[in-house]
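Working notes, beginning with the structure itself.
Computed from a prediction, not measured in an experiment: that's the story for all the values here.
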Amino acid sequence: MRVNFLFFVILARAVNMTLGAAYSRTSQLAGQSFLDAFNFQAISDPTNGRVTYVDESTAQADGLVSVANNKLILRADYTTTLSASGPGRNSFRIQSNTQYSHHVAIFDIAHMPQGCGTWPAEVGANWPNEGEVDILEGVNDQTPNRCSLHTSAGCTMPSSRWMTGTADGTDCDAYDNSNAGCGVMFNDNMSYGPDFNNNGGGWYAVERSTSYIRVFFWERTSGSVPSEVSSPGSSIDTKTWGEPVALFPNTDCDLSTHFGAHNIIINLTFCGDWAGSSYAASGCPSTCIDYVNNNPSAFSNAYFEFNSLNIYQ
């Protein structure tokens with residue numbers, strides 16, 4: 001995932017852009033209804049991780065998916081020691097049955113995967129010609145969160161924008177800069193990993209329109225979270241939400257041509273292109289693959305716990 005913006009003259013243009021709109025709820029998902037709105041993808045990992053994505057029946061049998069107290073839990077295997085020559089650690093990759101374009105999605109997350117070698121991610125799409133929006137991505141418990149866009153050629157972001165996050169790359173082209181994309185680093189360590197979990201989680205939201213994409217985050221204990229986010233109702237008005245963590249305007253990127261209809265994807269992989277390449281500098285022990293193979297109990301906290309997902313269009 002990646003995101004980026006610009007300052008002064010570009011900032012003035014961003015401020016003049018009309019940000020926010022009123023939306024009506026089209027999906028209210030929690031527990032079993034959340035699970036039913038997605039399908040499991042037992043495919044090879046596109047990011048080359050030390051992982052085996054399993055189908056739903058295997059996930060159910062192995063306890064990798066569960067519903068309790070109207071919450072959905074998705075986790076990786078944490079009991080099996082892996083053979084160096086065998087398949088990767090069993091985990092999940094689920095994709096929404098519905099595709100979305102102009103919309104707002106509010107994720108109420110109580111817990112996200114943590115541990116060395118982990119690489120959780122949340123939102124993606126047909127790649128890269130119809131774009132990808134990553135709202136939650138990090139590796140090896142390294143805070144804070146980073147969100148980003150990945151696109152075909154010809155999409156860039158100003159380096160300064162009206163947002164609380166810090167631009168981390170302005171070229172969104174998936175074939176440039178080793179697919180780093182245009183990213184935004186959050187300014188809150190409680191947006192990711194153990195700090196997020198120890199604080200009771202929080203809310204992530206993404207708003208996508210034809211003129212901008214915005215990403216928001218509020219800690220569980222935040223005093224500034226809008227009531228329509230913490231207690232979702234039948235409608236919202238994002239004009240009242242204030243400054244986003246990340247803003248991706250259409251200033252130098254035609255969003256209507258670089259982004260098509262998207263599925264929501266929620267997955268957890270290990271090592272791979274990013275977590276593996278950054279492992280040595282993370283302070284984690286051994287090598288990424290050896291650690292994932294030989295330390296199953298280290299992944300007992302490698303799980304998502306979702307309170308709800310609300311979609312507005």
task = Apply ring pair (Phe, Tyr, Trp, His ring centres under 6.0 Å) to the pair Phe306 and Phe34, showing each step before the final yes or no.
result = CA-CA 9 Å; Phe306 290 96; Phe34 194 143; 5.1 Å; yes
For [X] and [Y], work out which heavy atoms get closest and say how close.
X	Y	result
Ala205	Trp241	CB-CZ3, 3.9 Å
Thr210	Leu255	O-CB, 3.8 Å
Tyr312	Pro232	OH-CB, 3.4 Å
Arg89	Asn293	NH2-O, 3.6 Å
Asp62	Asn90	OD2-ND2, 3.7 Å
His258	Cys253	ND1-SG, 3.9 Å

Find out whether [X] and [Y] are in side-chain contact, i.e. whether some heavy atom of one side chain is under 4.5 Å from a heavy atom of the other.
X	Y	value
Asp55	Gln41	no
Ile73	Ser66	yes
Val184	Met163	yes

request  = Test Cys288 against Cys116 for disulfide bond (SG atoms under 2.5 Å apart), laying out the working first.
outcome  = CA-CA 8 Å; Cys288 190; Cys116 287; over 6 Å; no
What is the distance from atom [atom1] of [X] to atom [atom2] of [Y], rounded to the nearest 0.5 Å?
X	Y	atom1	atom2	answer
Asn197	Glu305	CG	CD	9.5 Å
Thr151	Asp254	OG1	CG	11.0 Å
Glu130	Asn263	CD	CG	10.0 Å
Ser234	Tyr23	OG	OH	15.5 Å
Asp290	Arg50	CG	CZ	9.5 Å
Ser224	Glu243	OG	CD	11.0 Å

message = Does this structure show an ion pair linking Asp108 with Arg220, if we count only N-O contacts that are shorter than 4.0 Å?
response = yes
inquiry  = Could you check, using the six-membered ring where one of them is a Trp, whether His111 and Phe304 have ring centers closer than 6.0 angstrom?
reply    = no
task = Examine Tyr204 together with Phe217 and report whether their ring centres are nearer than 6.0 Å.
result = yes
inquiry  = Tell me if the CG atom of Leu64 is crowded by more than 12 foreign heavy atoms within 6.0 Å.
reply    = yes
key: Polar side-chain atom of Ser209 near backbone of Ser211 as donor-acceptor pair, under 3.5 Å   = yes
ask   = Can you list the steps and then say if Phe270 with Phe299 is a ring pair (Phe, Tyr, Trp, His ring centres under 6.0 Å)?
value = CA-CA 10 Å; Phe270 302 93; Phe299 303 104; 5.1 Å; yes
request  = Would you please classify the geometry between the His262 ring and the Phe259 ring as parallel, tilted or perpendicular, with 30° and 60° separating the classes?
outcome  = tilted
ask   = Considering only the SG atoms, does Cys172 lie under 2.5 Å from Cys155?
value = no
inquiry  = Between Ser297 and Asn295, does the side chain to side chain donor-acceptor pair (under 3.5 Å) criterion hold? Intermediate values first, please.
reply    = CA-CA 6 Å; Ser297 63; Asn295 296 276; over 6 Å; no
